[in-house]
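In the text below, chain A, chain B and the rest are named by the order of the sequence lines, each starting its count at 1.
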There are 4 protein chains.
Amino acid sequence: MSSAPAFKRLPRAVREQQMLDAAVKVFSRRGFHHASMDEIAEYAGISKPMVYAYLGTKEELFVACLHREGTRMMQAIAGAAAPDLPADVRLWRGLRAFFGFVGAHRDGWAVLYRQARGEQPFAGELATMRTRLVEVVAEMLDHALRAEGHEVGAVDLEVVAYALVGATESLADWLADRPEADPEKTATRMMNVAWLGAAQLLHGVTWRPPE
Amino acid sequence: MSSAPAFKRLPRAVREQQMLDAAVKVFSRRGFHHASMDEIAEYAGISKPMVYAYLGTKEELFVACLHREGTRMMQAIAGAAAPDLPADVRLWRGLRAFFGFVGAHRDGWAVLYRQARGEQPFAGELATMRTRLVEVVAEMLDHALRAEGHEVGAVDLEVVAYALVGATESLADWLADRPEADPEKTATRMMNVAWLGAAQLLHGVTWRPPE
Amino acid sequence: MSSAPAFKRLPRAVREQQMLDAAVKVFSRRGFHHASMDEIAEYAGISKPMVYAYLGTKEELFVACLHREGTRMMQAIAGAAAPDLPADVRLWRGLRAFFGFVGAHRDGWAVLYRQARGEQPFAGELATMRTRLVEVVAEMLDHALRAEGHEVGAVDLEVVAYALVGATESLADWLADRPEADPEKTATRMMNVAWLGAAQLLHGVTWRPPE
Amino acid sequence: MSSAPAFKRLPRAVREQQMLDAAVKVFSRRGFHHASMDEIAEYAGISKPMVYAYLGTKEELFVACLHREGTRMMQAIAGAAAPDLPADVRLWRGLRAFFGFVGAHRDGWAVLYRQARGEQPFAGELATMRTRLVEVVAEMLDHALRAEGHEVGAVDLEVVAYALVGATESLADWLADRPEADPEKTATRMMNVAWLGAAQLLHGVTWRPPE
DNA sequence: TATGAATGAGTATTCATTCAT
DNA sequence: CATGAATGAATACTCATTCAT
């Protein structure tokens, strides 16, 4: 008698998470534009006005999804790569955590992120997220380079970090599209590309355009 | 009566190019979904039914744009990287051509491509395009590796090529967003990342996950 | 065979008038907010997108109605009150034309106007229309006053004109709500109030329509 | 524990007045349709269900506002124009009180009234209010006419009263829209129009407020 | 009494797409 | 070949109103 159907009149915080869960699912499946607020609400087992009341417009909802998933991912990475480890170990653990996360949430961050890149309204949120990633990577590289006695311009560092992040994103896509692929192996491959390249840079080896 | 204005009744091929020009502009500016067929037709100075008659539905039109721009880009690269050159030179020339192209057409391929990545309907076309790129890169690497006496699994090669392509795409975005940036310098940076990494691989150096 | 159903594929100008007719009817019946674009379109025998294509948003449509009806009314008045007549004759003819118009279009201008007064978005259009009326009246009064050697401040004139216009509007409402009432008689009564004033009436002075 | 904040659990009558205050403010600012019950409740510092419990639906709430403000206005007028004074003095005092009231509550009665005129659901309430005004005016005129030995038909009287009320409403709007305007002056102008009529004004006759 | 949670129903607006001429 | 006219279908968003606690 006292345990009435537990899914009615839930507190706001709970409902918000349910809605975000549903939204992530639907946005992932359909894409931002083909996802309808109706479907999201229905999927969340709630009526549309609640979604608007709690999470705002469709764009805001998408940003909220992106934000939550992005934060989770960053936490996964941060939890894996302690800042007092050597750069290569940090990079490896970070990559492993990243690909592990992407592999474990194949309809989460990677898909939303991919979609957001095509839409101007999300440029701001995206820039923020990518900047956080790039900063982490750049800081890692910078750290290592200084330890070896090298100095690199900020722009150079940023660009290299961008390249690494891009490569990683690309492999994340590759992984997200291949359910049978192994995240750990993918991370290893990425590490090969990233680190063997970076290691050279660390030792002062630089490629120059011919002539 | 008989001397009608010279810009009417153009041959079909010319008209199509005009439409594609308009479509590329509008898709770039607004994004796929926010671009309206009305605007595209108006921008092309033609009526909407003509667009449909010549180039089909909106999706087909977008694919046509993507295709044309992609082909142009591939040609620019192919024209720069002759297959009989050494791998590093080919890679460098290819990258330089690529970034030069992206820099010169800042509202062309890179933007369309970025948008297409978020939309499922274009997955096929995209896969085709990326595959062509990946194949070129993979073939380049394979060539070089065999010359050095190494053998690499197909999947590994594909993944590394993916990573390189992803890194390159990422820097293309970086470049497309920064009008003041120099394509050639960006190409050099990318080459540093790609080649110094790849070169190690060529020499059989491989990174292994610890323990 | 050649006289196909005449109400298809009509030229724009015709359709626009049909739409305006329908919109005036529906807005009058339901009021601005309770009128739905659906109903207007259906009433006009056309699909909704056409309404948007030709007349714009709901607000713009309402303004267009207001404008058309207002212009018609002003023309009716202007056609009746030639500027070279004495002020009282002009006033009388103007009033008669006005009430005649309102009486003849009981779901037209007066109703729309009444509705518009309550909604802020129409303040601009309303001000314009009322200003035109007030100007006509004020000019008439000023004309007459100067002829008598008097001079009155602009504000005073404006206020008096406002009062007259207000009184007239009020009677227009009164008339619009009473199908059985006689416009001409109403005009006469208004003329009495406006021209003679209550005090005169109290003393048994009464204005009579000429001949 | 027992000394709860003193502004909770107020007696019903007080709460109702608070709500009405809030509602009048919001309705005035936004207009009937654009005002939301949410905003009203928030503005009143109370939850929505309370508003419904105390004052009923949105329409009923609006009517209640209209009613309260109208009653206040009528009291202001009635308090100023004692029935044993001569007609012109009563009219003058009534007008002065009316414009004074409108000027002092620029977001009260006049605005609500203006809005109500456009909406059919309020026709009844409006008619009642206007009728009360018209009756007062008509009675005043009738009184005076009989004193002078004249007799006028009921309809004529009603129409004249309507015209006067309409003129007054119009000037009330004029005043409500012009924060810098002086209510007393406006009343004087109205009195001139009402009492003397345009013809008198043309001949230089002017009414002056007594004393 | 008082409220946070919840919703049904309605509506403006847009857009790809197709006839009829 | 070329176009103005026309529409079906979809969708974001709002709001008055009511339960369950």
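Taking both residues in full, the closest heavy atoms of Met19(B) and Leu55(B) are given as CB-CD1, 3.8 Å, listed atom of the first, atom of the second, then distance.
Distance Leu10(C) CG to dC19(E) C1': 15 Å, rounded to the nearest Å. Between the P atom of dG10(E) and the NE2 atom of His34(C) lies a distance of 12 Å, rounded to the nearest Å. Between the CD atom of Glu42(B) and the C1' atom of dG4(F) there is a distance of 14 Å, given to the nearest Å. With rounding to whole Å, Arg9(A) atom CZ is found 15 Å from dT3(E) atom P. Spacing between atom NE2 of His33(D) and atom P of dG10(E) amounts to 15 Å, rounded to whole angstrom units. Rounded to an integer number of Å, the gap from CZ of Arg30(B) to P of dT14(E) is 13 Å. Between the CG atom of Leu55(B) and the P atom of dA16(E) there is a distance of 15 Å, given to the nearest Å. In this entry the distance linking CZ of Phe32(B) with C1' of dA16(E) reads 10 Å, nearest Å.
Counting only heavy atoms from C-beta outward, the side chains of Met73(B) and His105(B) never approach each other to under 4.5 Å.
A residue-by-residue look at Ser47(C) and Glu59(A) shows that Ser47(C) has its nearest nucleotide of DNA chain F further toward the 5' end. Nearest-nucleotide positions on DNA chain F for Tyr52(A) and Asp38(D) put Tyr52(A) closer to the 5' end. Toward the 5′ end of DNA chain E lies the nearest nucleotide of Thr57(C), the other residue of the pair Pro49(B) and Thr57(C) mapping further downstream. Comparing Ala53(A) and Ala35(B), the nucleotide of DNA chain E nearest to each residue sits closer to the 5' end for Ala53(A).
In this structure, Lys58(D) forms no cation-pi arrangement with Phe27(D), as its terminal cationic atom is not both closer than 6.0 Å to the ring centre and no more than 45° off the ring axis.
Among the nucleotides dC19(E), dA6(E), dA16(F), the one closest to the side chain of Lys58(D) is dA16(F). The nucleotide whose nearest atom lies closest to any side-chain atom of Met37(C) is, among dA12(E), dT7(E), dA6(F), dA12(E).
Side-chain to base pairing of Lys48(C) with dT7(F): no donor and acceptor N or O lie closer than 3.5 Å to each other.
In this structure, Glu69(B) contributes its side chain and Gly108(B) its backbone to no donor-acceptor pair below 3.5 Å.
For dG8(E), the paired nucleotide is dC15(F), the pair qualifying as Watson-Crick or G-U wobble because both relevant distances are below 3.5 Å. Taking a pair to require two hydrogen-bonding distances under 3.5 Å in either a Watson-Crick or a G-U wobble arrangement, dA20(F) pairs with dT3(E).
By the 4.0 Å N-to-carboxylate-O rule, Asp107(C) lies too far from Arg29(C) to be salt-bridged with it.
Among the atoms of the strands shown, base atoms are found under 4.0 Å from some heavy atom of Met50(A).
For the OP1/OP2 pair of dG4(F) and a distance below 4.0 Å, the side-chain nitrogens and oxygens of Arg15(C) include no atom meeting the criterion. The shortest distance between the side-chain N/O atoms of Tyr54(A) and the OP1/OP2 oxygens of dG4(E) is not below 4.0 Å.
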